> 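Okay, handing you the structure first.
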2 protein chains.
Amino acid sequence: MQRQKRTTIYDIALKLNLAASSVSRALSNSNKVNAATKALVLKTAAEMNYQHNAMASNLRKGNNPTIGVVVPRINQFFFSNIIAGIEEVTYKKGYNLIICQSNELHAREVDCVNALVNQHVSCIIISIAAENGPYEHLQQVLDHQIRLIQFDRVVEELDTFKVINNNEKASYEAVTHLIEQGYRRIALLEGPQQLDIFRQRKEGYLAALRKHNIPVLEELMCENAWTKELGAEATAQLLGLENPPDAIFASTSDFSALGVLEVATNKGIQIPKDLGICGYSNEPFTELTSPSITTIDQYSISMGKTIANLYFQEMEGLEFNVEPKIVSIKPKVIVRKSTQRISDVNTTA
Amino acid sequence: MQRQKRTTIYDIALKLNLAASSVSRALSNSNKVNAATKALVLKTAAEMNYQHNAMASNLRKGNNPTIGVVVPRINQFFFSNIIAGIEEVTYKKGYNLIICQSNELHAREVDCVNALVNQHVSCIIISIAAENGPYEHLQQVLDHQIRLIQFDRVVEELDTFKVINNNEKASYEAVTHLIEQGYRRIALLEGPQQLDIFRQRKEGYLAALRKHNIPVLEELMCENAWTKELGAEATAQLLGLENPPDAIFASTSDFSALGVLEVATNKGIQIPKDLGICGYSNEPFTELTSPSITTIDQYSISMGKTIANLYFQEMEGLEFNVEPKIVSIKPKVIVRKSTQRISDVNTTA
DNA sequence: TTTTGTTTTGCAATCGATTGCCCTATTTTT
DNA sequence: AAAAATAGGGCAATCGATTGCAAAACAAAA
């Protein structure tokens with residue numbers, strides 16, 4: 001079978017003995033074409049199986065109603081929710097969504113961003129990879145007059161729109177909650193410190209301790225414990241201390257909290273009695289473990305919607321040099337069994 | 001600030017006193033241009049902050065190296081894994097990925113497919129929405145010479161490439177496992193029967209019962225119990241029977257299995273001793289519940305890769321009328337505690 | 001030196017839709 | 001009835017990159 005050519009407006013024009021321009025106007029429902037002609041064109045187009053060519057149209061109109069999204073991992077709950085939220089909004093606006101994942105690699109992130117710039121997308125939404133690297137590629141985006149919105153993991157120095165979580169505050173509240181539950185030797189599992197979000201979470205932890213006059217102990221802070229395995233390792237080490245912690249705040253993720261839970265349970269440690277555990281992200285599994293894990297919800301779907309709305313409300317069609325806005329979302333501590341050793345606290349799970 | 005125009009090959013040509021065609025050739029690394037010229041063009045392009053315009057290029061070349069994916073929900077673990085798997089492959093091939101979600105709605109699915117056809121994508125990968133509806137939109141895709149790969153939830157009658165799970169076999173094996181564990185009154189939670197996958201799973205269930213001469217009882221089969229809530233409802237009903245089941249196979253999803261687990265646990269029923277529970281999909285949480293839930297793994301990431309590879313190996317650039325292939329993946333039963341009441345079985349979790 | 005062959009470059013059409021401008025009917029106004 | 005306004009439609013340029021063909025430049029061979 002010969003790959004037959006698609007029907008174009010010229011084919012329709014030829015068949016109806018019209019000019020292509022009239023066909024175009026009819027199809028775009030312009031009022032500069034007679035109602036009868038319009039109907040005829042529409043009918044014929046349907047008969048001829050015509051499909052509008054978005055590439056040609058976008059080229060001529062000089063805009064591409066598409067938004068590119070770059071995330072570290074598509075299949076991470078937080079990010080897939082963000083994407084779902086964004087899609088919800090962009091779909092209604094008739095925009096397309098191009099999705100890329102950096103796999104936490106800087107080089108790959110650069111590749112993805114360049115591909116999106118080549119596509120002349122209207123906007124790029126990005127949460128940067130954990131791997132360090134220069135951010136010229138992001139500056140490039142701006143230089144090419146493409147809108148840029150950073151979310152969650154952002155490059156602070158870059159003057160762009162940002163949608164972030166108030167990590168410090170959330171962290172502060174989580175640790176405060178632990179203190180209120182009577183925990184005093186609270187350990188911290190930290191994420192890669194080149195990412196702002198993890199530095200902020202550490203800040204919140206420190207602030208809460210200081211506020212309650214609890215000494216900050218170096219031995220209770222574990223760097224780079226942001227996977228289940230690393231969390232488990234760190235826990236084994238912490239629990240082996242002469243003076244072990246009575247609570248562990250896995251500020252990196254619920255996965256590392258899971259590692260904590262497994263190691264502690266295997267050692268026969270009572271949770272929450274002897275050890276409190278708090279995670280971060282409100283992964284679905286946190287309410288299913290036994291005991292369920294106290295964590296921090298980031299409202300990911302609604303955050304996705306917020307991001308997309310930011311584009312449509314503040315940027316679409318407007319001048320380029322609007323003052324970048326920073327939207328900060330306050331995450332919420334979800335108290336569950338893994339930290340509840342005082343009975344009069346309201347249960348959320 | 002005036003929205004300044006982007007640099008084009010004409011700008012470069014003008015500056016270097018060359019023809020645009022030469023610039024184009026230099027940029028595409030054609031061997032029909034002098035090495036020195038090529039270097040000069042590349043250098044100048046970089047200086048002028050030139051970015052290739054994919055829209056123009058695709059229009060001229062008549063192809064768009066982009067694949068569209070339509071799934072019911074982006075943030076469902078199975079689907080986000082499929083997407084991650086597809087992305088892994090398409091990224092390496094320099095293809096873009098446009099993602100849409102139908103939200104299980106037929107009308108929205110049609111919209112998404114049309115948008116992708118307008119984009120003249122090279123291939124559409126789809127898992128159809130639960131909501132019934134005609135599938136002319138899929139036929140349209142084929143009529144427009146766009147490749148179509150269906151996966152997981154497919155329209156059987158449509159002669160396209162398909163990547164499916166052998167649901168019947170998986171289901172058969174799961175039920176056989178239950179029987180081997182000594183369960184005899186095995187209930188089935190069914191999904192919407194307009195979807196093939198759920199019909200197939202029911203078939204597997206029936207086949208296993210027949211094979212072992214176990215009577216098939218209408219009262220043990222619950223229609224449309226495919227969410228956690230509906231699963232819980234069905235379970236309450238089943239356990240209220242005069243002669244309740246000793247096992248429940250939630251063939252719809254792990255979420256409904258979770259509903260089963262909660263209701264049974266609340267009633268003080270011993271699992272797996274008094275009731276066996278088996279889910280479907282191997283959601284991450286299934287190994288975290290107590291007891292952990294036996295389920296069926298669908299190898300979602302690798303399935304995504306398989307789908308993408310199918311396009312590149314069998315379809316890209318080839319004639320349109322190649323014989324559609326159907327790839328069937330055999331899912332694997334993951335035996336966990338919720339069904340293990342005989343000790344000599346190998347543990348997977 | 002002339003002829004032939006090979007590089008290198010330019011010209012111009014093309015992909016398909018859009019749109020400013022102009023022209024011709026037709027209708028409305030005076 | 002003449003003038004003005006409006007509706008409907010056509011022409012042709014345009015968006016930016018690609019590519020077949022032709023021309024020019026240069027090198028090699030006779």
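Remember, predicted model here, so these are calculated numbers, not experimental data. Every chain is numbered from 1 and lettered A, B, ... according to where its sequence line falls, protein lines coming before strand lines.
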> To the nearest angstrom, how far is I12(A) atom CD1 from dG9(D) atom C1'?
16 Å
> For N17(B), answer base if it contacts any base atom (sugar-phosphate contacts may also be present), sugar-phosphate if it contacts only those atoms, and nothing otherwise; contact means non-hydrogen atoms under 4.0 Å.
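N17(B): backbone/sugar contact only, no base atoms under 4.0 Å.
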> Considering only side-chain heavy atoms of S21(B), which listed nucleotide, dC11(C), dC22(C), dA17(C), is closest?
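Given the options dC11(C), dC22(C), dA17(C), the side chain of S21(B) is closest to dC11(C).
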> Please pick, from dT18(D), dG10(D), dT9(C), the nucleotide with the shortest atom-to-atom distance to any side-chain atom of A19(A).
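Selected nucleotide: dG10(D).
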> With rounding to the nearest 0.5 Å, note down the distance linking CG in N58(A) to CG in N64(A).
4.5 Å
> Expressed in angstrom and rounded to an integer, what is the separation of R6(A) atom CZ from dG16(C) atom P?
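These atoms are roughly 9 Å apart.
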> With a non-hydrogen cut-off below 4.0 angstrom, is S24(A) in contact with a base, only sugar-phosphate, or nothing?
base
> Count the heavy atoms of every other residue, nucleotide or ligand shown that sit under 6.0 Å from CD of E136(A), and state whether that count exceeds 12.
no
> Salt-bridged, E87(B) to R108(A), with N to O below 4.0 Å?
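Judged by the 4.0 Å cut-off on N to carboxylate O distance, E87(B) and R108(A) do form a salt bridge.
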> Rounding to an integer number of Å, can you tell me how far L16(A) CG sits from dG8(D) P?
17 Å
> Please give, in whole Å, the distance from dA17(C) P to Q51(A) CD?
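Q51(A) atom CD is separated from dA17(C) atom P by 11 Å.
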> Mind checking if L18(B) touches a base, just sugar-phosphate, or nothing, with heavy atoms under 4.0 Å?
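Result for L18(B) = sugar-phosphate.
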> What's the closest nucleotide to the side chain of K32(A) if the choices are dA17(C), dT9(C), dC22(C)?
dC22(C)
> Tell me the interatomic distance from R25(B), atom CZ, to dA12(C), atom P, rounded to whole angstroms.
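Value for this atom pair: 14 Å.
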> Check every atom of dA17(C), dA17(D), dG16(C) against the side chain of L59(A) and return the nucleotide holding the closest atom.
dG16(C)
> Rounded to whole angstrom units, what separation is found between the CE atom of M55(B) and the P atom of dT14(D)?
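Spelled out: CE on M55(B) to P on dT14(D) is 18 Å.
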> At under 4.0 Å, does any side-chain N or O of N53(A) touch on OP1 or OP2 of dG16(C)?
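For dG16(C), neither OP1 nor OP2 has a side-chain N or O of N53(A) closer than 4.0 Å.
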> Between N29(A) (CG) and dT19(C) (C1'), how many Å, whole number?
16 Å
> Which word best sums up how the rings of H137(A) and H106(A) line up, parallel for under 30°, tilted for 30 to 60°, or perpendicular for over 60°?
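Judged by the thresholds at 30° and 60°, the geometry between H137(A) and H106(A) is perpendicular.
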> Checking all strands, does S28(A) fall into the base, sugar-phosphate, or nothing category for heavy-atom contacts under 4.0 angstrom?
nothing
> Need one value for T8(A): base, sugar-phosphate or nothing, where a base atom within 4.0 Å counts as base even if backbone is also close, heavy atoms only.
sugar-phosphate
> Measure from the side-chain heavy atoms of S22(B) and tell me the nearest of dA17(C), dT9(C), dA17(D).
dT9(C)
> Checking the side chain of Q150(A) only, and the main-chain atoms of I126(A) only, is there a donor and an acceptor separated by less than 3.5 Å?
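Not a single qualifying donor-acceptor pair exists.
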> Could one point to a donor on the side chain of R60(A) or the base of dG16(D) with an acceptor on the other under 3.5 Å away?
no
